[in-house]
Student: 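Before we start, here is the structure in question, set down as structure tokens.
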Amino acid sequence: MKEINMTALEQLFQAKIEKDIKIEPKDWMPEAYRKTLIRQISQHAHSEIIGMLPEGNWITRAPNLRRKAVLLAKVQDEAGHGQYLYSAMETLGESRDKSMADLISGKAKYSSIFNYPTLSWADIGAVGWLVDGAAIMNQVALCRTSYGPYARAMVRICKEESFHQRQGFEIMCTLMKGSKEQREMAQDAMNRFWWPSLMMFGPSDADSTHSQQSIDWKVKRYTNDELRQSFINASVPQAELIGLTIPDKDLKWNEAKGGYDFGPIDWEEFRQVISGNGPCNAERIAARKQADDNGQWVREAASAFAEKRSAKKAS
Amino acid sequence: MNSLYKYILRIADDSLILGQRLSELCGHGPIIEEDIALTNIALDLIGQATSLYEYAAIVGGEGKTADDIAFLRFEREYVNVLLVEQPNGDFGMTIARQWFFDSFRVLFYDAMLESTDQQLAAIAEKSLKETKYHWKHSSEWLVRLGDGTDESHDRVQTAINYLHRYVDELFFMDEVDTALITEGIAVDLASLKVAFDAKTSEVMEMATLSFPTNNWKQVGGRVGKHTEHLGHILSELQYMQRAYPNMEW
């Protein structure tokens, strides 16, 4: 039935998707596809920007010069990712200002993980290793997403993210080779960040409202559960290698499926965090709002100055 | 400690403390582009400080590492100028502080290219390239804010009025400098003053801003007498090294 009702434009669009031809900004696209992408890309951009806060929390306290420089570079990369993701979003006709306003009002979502606090230096290792590791699983898949500007932004972002993940893992390795306090610090970070990292992939497929349509449009290339499983399969041997324990008593290799079985995820915690009740939701939004409010006069000055200059040029 | 060691620390501490101050802003900039720019400047400054502390570690000859020197001195042993430890304030204050510093640093590194100390000359060469970008960035913003709206003009003028008292200290010299100048190692800061005044006046005019008439100067940083701000900066900077001594990170 559905195919019969398709217009010629829709058919052309669907044919491109099926042939893996990228959809470009000037191409016709269904309104729902555009909305899905705006939602997904803006959430992704917001996650980069909000994600600067928990890591920025440790730049001034980084333990040595090299770690300070690497962390600065990493957080700067994230601001850059946010910038070109907002640009990719703008190609779909949504403005950065509106999107930012939605973030501050709480209307727009961002990755639930950034609502957890970074309480020790080891958390910077855990965030780099697990959080960026989970993000990479998603983002590598997105390099083949059907919307051209998003896919191209992802290719660039993935290169930097894999460097971030390595530096996070290297922080954890160094801690695990260090003193008793350092090993405890690393394990504590692991205990706090493991489950929230698994939640980053979103609800299980059975409960995900957006999954199937996004798969059909090739916006998403793998389901939430498939990506989560890949992440677990990749991370467990890394943890074991450096002597960290995964805080899941049900974790067990399953030969038949070629992957690990794992314990139940606390979806109630996930729901609470994404609906604003995580440990740091209020602080994160407040920090963004404060930056935006404090920047208002700066942005006004920049536009006023630009107008004066162009008026001068015109005369 | 010998004069060269003390001299290197003065340059290094300026970079470290300003880099540390700018790091506080990461994620809190007025627009994403400025988050990127200010973080990048912080990163350059931490990089410059690292090269300088590494050299100081060699010159000091006590078996200390660059990190030991950067993180494990007491407040009175830091010898940065008072300007760089001033709080970030609003964006006008951040930009004005950066602009005074960059205006000095461009001239300073340019003169240091001629140092007979090859290591310092090499650090100056790399740092000069970065600092020219920093100066271009801070000068453009000073003009934009000065000649933007009434509010931005007032804010950045207030920042200039406040920070001006700390500018003269950039040219502070004492016996540490004297011997090194004779050897051609150190820069004679007095020789940069005319160029500095010309360089800053030109930008101030474009920004429609003016220097305050109160010419009172604050000094002390170069001999370890700081404002109350430095102790708080160090308590963050040194937290890990003090809480967990003698560990690898």
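Here is how names work: the chains are called A, B, and so on, in the same order as the sequence lines, proteins then strands, and each is numbered from 1.
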Student: How close do A/L119 and A/D123 get, counting heavy atoms only, and between which atoms?
Tutor: N-OD2, 2.6 Å
Student: Identify which part of A/M185 has an atom lying under 4.5 Å from any heavy atom of chain B, answering side chain, backbone, both or neither.
Tutor: side chain
Student: What part of A/E181 is in contact with chain B, defined as an atom under 4.5 angstrom from a non-hydrogen atom: side chain, backbone, both or neither?
Tutor: side chain
Student: Between B/R73 and B/D13, does at least one N-O distance fall below 4.0 Å, as a salt bridge requires?
Tutor: yes
Student: So which of B/E236, B/E24, B/Q238 has the biggest tally of heavy-atom pairs under 4.5 Å with chain A?
Tutor: B/E236
Student: Side chain from CB out, backbone as N, CA, C, O: work out which of these in A/I49 comes under 4.5 Å of a heavy atom of chain B, or both, or neither.
Tutor: side chain
Student: Output yes when a side-chain donor or acceptor of B/T208 lies under 3.5 Å from a complementary backbone atom of B/G146, and no otherwise.
Tutor: yes
Student: Looking at chain B, which one of A/V75, A/I59, A/D77 has the largest number of heavy-atom pairs inside 4.5 Å, strictly under?
Tutor: A/I59
Student: If we define contacts as heavy-atom pairs under 4.5 Å, which of B/I31, B/L38, B/D147, B/V156 has the most with chain A?
Tutor: B/D147
Student: Please answer whether the main-chain N or O of A/E90 pairs with a side-chain N or O of A/R96 as donor and acceptor at a distance below 3.5 Å.
Tutor: no
Student: Do the rings of B/Y162 and B/Y166 sit parallel, tilted or perpendicular, given the 30° and 60° boundaries?
Tutor: perpendicular
Student: Identify which part of B/A70 has an atom lying under 4.5 Å from any heavy atom of chain A, answering side chain, backbone, both or neither.
Tutor: side chain
Student: Where does the angle between the aromatic ring planes of A/Y86 and A/H46 fall among parallel (under 30°), tilted (30 to 60°) and perpendicular (over 60°)?
Tutor: tilted
Student: Between A/R61 and chain B, with a heavy-atom cut-off of 4.5 Å, which part of the residue counts as in contact: side chain, backbone, both or neither?
Tutor: both
Student: Students often mix this up, so state it plainly: with edges at 30° and 60°, are the rings of A/W129 and A/F169 parallel, tilted or perpendicular?
Tutor: tilted
Student: Can you say whether A/A62 sits under 4.5 Å from chain B via the side chain, the backbone, both, or neither, judging by heavy atoms?
Tutor: backbone
Student: Report which part of A/N64 has an atom under 4.5 Å of a heavy atom belonging to chain B: side chain, backbone, both, or neither.
Tutor: both
Student: Given a strict heavy-atom distance threshold of 4.5 Å, which part of A/T60 is in contact with chain B: side chain, backbone, both, or neither?
Tutor: both
Student: Measure distances from B/L16 to the heavy atoms of chain A and classify the residue's part below 4.5 Å as side chain, backbone, both or neither.
Tutor: side chain
Student: Would you call the rings of B/H164 and B/F100 parallel, tilted or perpendicular, taking 30° and 60° as the class edges?
Tutor: tilted
Student: Is A/R284 positioned over the aromatic face of A/F114, cation under 6.0 angstrom from the ring centre and no more than 45 degrees off axis?
Tutor: no
Student: Could you look at A/Q182 and say if it's the side chain, the backbone, both or neither that has a heavy atom under 4.5 Å from chain B?
Tutor: side chain
Student: Which one wins on heavy-atom pair count under 4.5 Å against chain B: A/G82, A/P63, A/G125, A/A69?
Tutor: A/P63
Student: Heavy-atom distance under 4.5 Å to chain A: side chain of B/A243, backbone, both or neither?
Tutor: neither
Student: Using a strict 4.0 Å threshold on nitrogen-to-oxygen distance, state whether A/R156 and A/E160 make a salt bridge.
Tutor: no
Student: Under 6.0 Å from the six-membered ring centre of B/Y53 and within 45° of its axis: does the NZ or CZ of A/R66 meet both?
Tutor: no
Student: With a 4.5 Å cut-off on heavy-atom pairs, point out which of B/E248, B/M247, B/H153 contacts chain A the most.
Tutor: B/M247
Student: Hey, which of B/I46, B/I95, B/L43 has the most heavy atom pairs under 4.5 Å with chain A?
Tutor: B/L43
Student: Check B/H134, B/Q98, B/Q48, B/M112 against B/R105 for a side chain to side chain contact (heavy atoms under 4.5 Å, CB included) and give me the one that passes.
Tutor: B/Q48
Student: Who wins among A/E55, A/R67, A/Q296, A/M100 for the most heavy-atom pairs under 4.5 Å with chain B?
Tutor: A/R67
Student: Let's test your reading of the structure: which of A/V70, A/T174, A/N57, A/V298 forms the most heavy-atom pairs below 4.5 Å with chain B?
Tutor: A/V298
Student: Given heavy-atom pairs under 4.5 angstrom as the criterion, report whether the side chain, backbone, both or neither of B/R21 touches chain A.
Tutor: neither
Student: Tell me, do A/M154 and A/L85 make a side-chain contact under 4.5 Å, heavy atoms counted?
Tutor: yes
Student: Report which part of B/Y244 has an atom under 4.5 Å of a heavy atom belonging to chain A: side chain, backbone, both, or neither.
Tutor: side chain
Student: What closest approach, in Å, do A/A189 and A/M172 show between heavy atoms, and which atom pair accounts for it?
Tutor: CB-CE, 4.4 Å
Student: Which atoms of A/L65 are under 4.5 Å from chain B, going by heavy atoms: the side chain, the backbone, both sets, or neither?
Tutor: both
Student: Which one, B/R155, B/Q241, B/H28, leads in non-hydrogen pairs under 4.5 Å with chain A?
Tutor: B/R155
